[in-house]
Amino acid sequence: MKYEFSTIEKKWQAYWEKHNTFISGDNADKPKYYVLDMFPYPSGTGLHVGHLEGYTASDITARYKRSCGYNVLHPMGWDAFGLPAEQFAIKTGTHPKTTTENNIRSFKETLQAMGFSYDWQREINTTDPGYFKWTQWIFLKLYDMGLAYMSEVDVNWCEELKTVLANEEVEEKIAEGHTVVRRPLRQWVLKITAYADRLLADLEELEWPDNVKQMQRNWIGRSEGVNIDFELPCHKQKLRVYTTRPDTLFGATYLVISPEHPLAKKLATATQLILVKDYIRQATLKTELERTGLQKEKTGVFTGSYAINPATGKPLPVWISDFVLTSYGTGAIMSVPAHDSRDWEFAKQYDLPIIEVIKSPHNVQEKVFEDKDSVCVNSSNSEISLDGLKFCDAFENMASWLETHKLGERKVNFKLRDWIFSRQRYWGEPIPIKHYDDGSIRLETSLPLVLPEVEAYHPSSTGESPLANIPHWLFGTDEHGPFRRETNTMPQWAGSCWYYLRFIDPDNNVQLIDPEKERYWMNVDLYIGGAEHAVLHLLYARFWHKVLFDLGVVSSKEPFKKLFNQGMILGEDNEKMSKSRGNVIPADHVLERYGADAVRLYEMFLGPLEQVKPWNTNGIEGISRFLSKVWRLIYPENAMQAALLTDEEMPDELLRRMHKTVKKVSEDTENLKFNTAIAEMMIFVNELHKTGCKNRNAIETLIIILAPYAPHIAEELWEAIGHNSSVNSRPFPLFDPNLVEDSLLTIAVQVNGKLRGTFIAPAKSQKETLLTEAKKVKSVIKFLEGQTIVREIVIPDKLVSFAVK
RNA sequence: GCCGAAGUGGCGGAACUGGUAGACGCCCAGGACUUAAAAUCCUGUGUUCAGCAAUGGACGUACGGGUUCGAUUCCCGUCUUCGGCACCA
């Protein structure tokens, strides 16, 4: 019989479906294991081999864990709201729903053809009203908790297109000749900053890759500093700045405020007013990108006003510059050009004084000195002296001095901003809010609030979403009077913020999730997905989870216990797969040509899961050969019937090889090192062929450990050797620790660190025996002759090393 | 610029905690089977030098140093690639 993967794979996929093999029951007595993929956006371009990598890894884990006796939850769903379907709708008039449904069908077909063991009864779709009802419900809770609010936010506004642009779109539109301005617009914002401390602190307990944790830490960007108030002699107000270096206050020689600072115009003196106004106008015309983007020469304008340095009593000129960010700290800074490169640059540009207050190894007039581990100098007045102190003490002393004199206070700041949550789009969850004529707001509590049918998907002329064009949906009246609905929809992140919970209880109509089921299944034990979600998705989801925790909906502080980022698969040309490069390897092509088992194995054999690695179509041939070899163990060349298995004892060496293989495969699978697990199975199969062994134990062991990786061929062969139940229900074999070591070992002999020979010795030989044997090795003798051995090193079972003179 | 990861044959990669570098696979070459091909099997395959050969020596894990009997592995410095952040005071 020949190995025909297409027949076999279809047969077993149908079998699993018919027998509900992968349906996970709740509340089983077994320990649970929840292994989750980052669910995909069902795009029109279909899946390519890169998408399948993470899914294959999670599927192997799911099957392995089942085999180890766990009750496994392994679901899949669709993150189906999103821009591409809407843009397609604008172009063609096809309803995004139709597009989405078609794409989902094709995605699902591919995933099923891969033989993934998802529990499809738990399939969810973020665009399903039964699902987004609860997304909206969470929004209402956020609103109740004061975590959702409306705010004027600076957005990129395109006058011609009457729409808000994402930062990524700005450059492109300008190139097309449009003007883009920064303009404040009322937007829904989520107060993620209220959770900044917890989001930072709870990272500690997570089994996540360090780089992801680090990225989140940087993104949250906690800093400890001091707000300092500077007296403005000609005004009644004070100017408040934020600094993390109060230890350098004596070196502050000027202040800078952002162009949007409320005092910017007020501080302009008559002679400077025109210049100031002009500068502010220029700044608003710049986009975020132009202002913060690639390093340019700093620009600025003097207001004409002065502020008093509370430490020195000297007047400091106040400048306006767009290098100071409005939205961070107080929107104003004190400049210490000697010890901050940005301030130094600005000082050089406008010829402002530079004063050394941290002992520097070079002249600070020529080069900035930013190190923190030197001591303060020139830093004293009649009340306080920082001279000779290092950063920590100087910081503390100055902060306390400022606080006792009511000149400032300690302040913790975060880089993290609140999350702009509204989109002027059609294809998203409507925000369930009603606006009344008197400007008041009420919640729409009758959920789900569904999307109306529209005829055109273009944004309205006012820059609102297409929903603003649908009067029968937009306007209504209730007991509080006539209202107009919120026309903004939620961003794509919303649906993916909590989907991992819904898999646990997908059909629940009365609750987001049943608490008992939640307690049983949460947390997600293993979450696999791409590194591109290291910050946003994972931060937003953690935020919502903490909100749900505060609401008592979930029982744990964090959703994802262990995270694993699979590395990207590049095209055969070693470049990122993309349509424009034409190097995309579509999943369906390789599936058709090589079959699911080969694709699954090859995806994993390519290299370490976390690594970026190129696809190589030649390589998959090797995997196909391996599968044929496995097949021929049962169906030798031209045999019509399965080979008869025997109960004869295996040769000792093969027995040890088998136990070694089981050990390596279980450990490597546990640690997601699938590439080396496969290599080990190859060695075992080669050995079985070489010895011609047909021992039942050996063959069955092989089939069981191969099953998580190549489930179809495993099922087929399992049946062929006389079983009538799925190999899936077989427990993963255990190994005998006494049999995983060879009985005879090759011992290396080194002379002065260089390998000079080897010899064979029984395992666990005595050190003395090994020494004696080593000295008898011919190739070693000539390097020892005429030399004095000054040291003899023996590593049992490994090597003997001589140091000679 | 800052943070993080990595650099090993022609190629993808392997190597436990400092102990025989190159497992496994691809490619390539030679051979067996075959009328032939496919498939399969066997052998070889880091570089280099000596030798007809068996074999033996030197070099070799980005580069330069160091620690050690011994370094892909630890330490210092340099370079390159990738990912993230990018005036956050």
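The sequence lines fix the lettering, A, B, ..., with proteins before strands; numbering per chain opens at 1. Just so you know, these numbers use all the heavy atoms, side chains as well, and skip hydrogens, waters and symmetry mates. Computed from a prediction, not measured in an experiment: that's the story for all the values here.
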For this session: Determine the contact category for A:Pro608: base if any of its heavy atoms lies under 4.0 Å from a base atom, sugar-phosphate if only primed atoms, P, OP1 or OP2 are that close, otherwise nothing.
Result: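 If one applies the 4.0 Å heavy-atom cut-off, A:Pro608 turns out to touch the sugar-phosphate alone, with no base involved.
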For this session: For A:Lys782, report the nucleic acid contact type (base, sugar-phosphate, nothing); a contact means any heavy atom under 4.0 Å.
Result: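 Sugar-phosphate contact only.
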What side-chain donor-acceptor pairs closer than 3.5 Å can you find for residues 785-798 of chain A, not counting sequence neighbours?
unit_1   : atom_1 : unit_2   : atom_2 : d
A:Glu792 : OE2    : A:Lys775 : NZ     : 2.8
A:Asp797 : OD1    : A:Lys764 : N      : 2.8

For this session: Can you figure out which of B:G12, B:A89, B:G56 approaches the side chain of A:Pro614 most closely?
Result: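 When the side chain of A:Pro614 is considered, B:G12 is the closest of B:G12, B:A89, B:G56.
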For this session: Report the nucleotide, chosen from B:C41, B:C69, B:A89, that has the shortest atom-to-atom distance to any side-chain atom of A:Ala803.
Result: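 For A:Ala803, the side-chain atoms sit closest to B:C69.
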Exercise. With rounding to whole Å, what would you report as the distance between B:C24 and B:G44 at their P atoms?
Worked result: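 12 Å, rounded to whole Å.
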Exercise. Mind checking the C1' distance from B:C3 to B:C59? Whole angstroms is fine.
Worked result: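 Roughly 38 Å separates the two C1' atoms.
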Problem set entry | Residue list, ring-ring contact (aromatic ring centres under 6.0 Å, His included) with A:Phe230, at least two apart or on another chain |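 Partners of A:Phe230 by the ring-ring contact (aromatic ring centres under 6.0 Å, His included) criterion come out as none, since no residue qualifies.
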Exercise. Quick one: do A:Glu603 and A:Lys613 make a salt bridge, cutoff under 4.0 Å?
Worked result: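 Looking at A:Lys613 together with A:Glu603, the answer is no, because their closest N to O distance does not fall below 4.0 Å.
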Exercise. Would you call A:Asp229 and A:Arg240 a salt bridge, taking side-chain N to carboxylate O under 4.0 Å as the test?
Worked result: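 Here A:Asp229 pairs with A:Arg240 in a salt bridge, since their nearest N and O are under 4.0 Å apart.
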Acceptor/donor pairs from residues 244-257 of chain A side chains to any protein atom, 3.5 angstrom cut, sequence neighbours excluded:
unit_1   : atom_1 : unit_2   : atom_2 : d
A:Arg245 : NE     : A:Asp247 : OD1    : 3.1
A:Arg245 : NE     : A:Asp247 : OD2    : 3.3
A:Arg245 : NH2    : A:Asp247 : OD2    : 3.1
A:Thr248 : OG1    : A:Arg245 : O      : 2.7
A:Thr253 : OG1    : A:Pro353 : O      : 2.9
A:Tyr254 : OH     : A:Asp343 : O      : 2.8

Problem set entry | Secondary structure string for RNA chain B (Watson-Crick or G-U under 3.5 angstrom, | for other-strand pairs) | (((((((..(((......[....))).(((((.......))))).(((((....)))))..(((((..]....))))))))))))....
Exercise. Got a sec, which pairs hit ring pair (Phe, Tyr, Trp, His ring centres under 6.0 Å) with one end in residues 784-805 of chain A, sequence neighbours left out?
Worked result: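 Residue pairs with at least one partner in residues 784-805 of chain A: there are none.
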Exercise. Do A:Lys298 and A:Glu345 pass the salt bridge (Lys or Arg N to Asp or Glu O under 4.0 Å) test, and can you show the C-alpha distance, the side-chain angles, and the key distance before you say yes or no?
Worked result: CA-CA 8 Å; A:Lys298 288 190 169 34; A:Glu345 219 178 286; 3.4 Å; yes
Problem set entry | Residue closer to the 5' end of RNA chain B, A:Asn574 versus A:Arg245 (nearest nucleotide) |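 Its nearest nucleotide being more 5', the pick is A:Asn574.
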Exercise. Is the closest side-chain donor-acceptor distance between A:Ser223 and A:Tyr242 under 3.5 Å?
Worked result: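 Side-chain D/A pair, A:Ser223 to A:Tyr242: present.
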Problem set entry | Contact pattern, 5' to 3', of nucleotides 19-28 of chain B - B, S or - by protein heavy atom under 4.0 Å | BB--BBSSS-
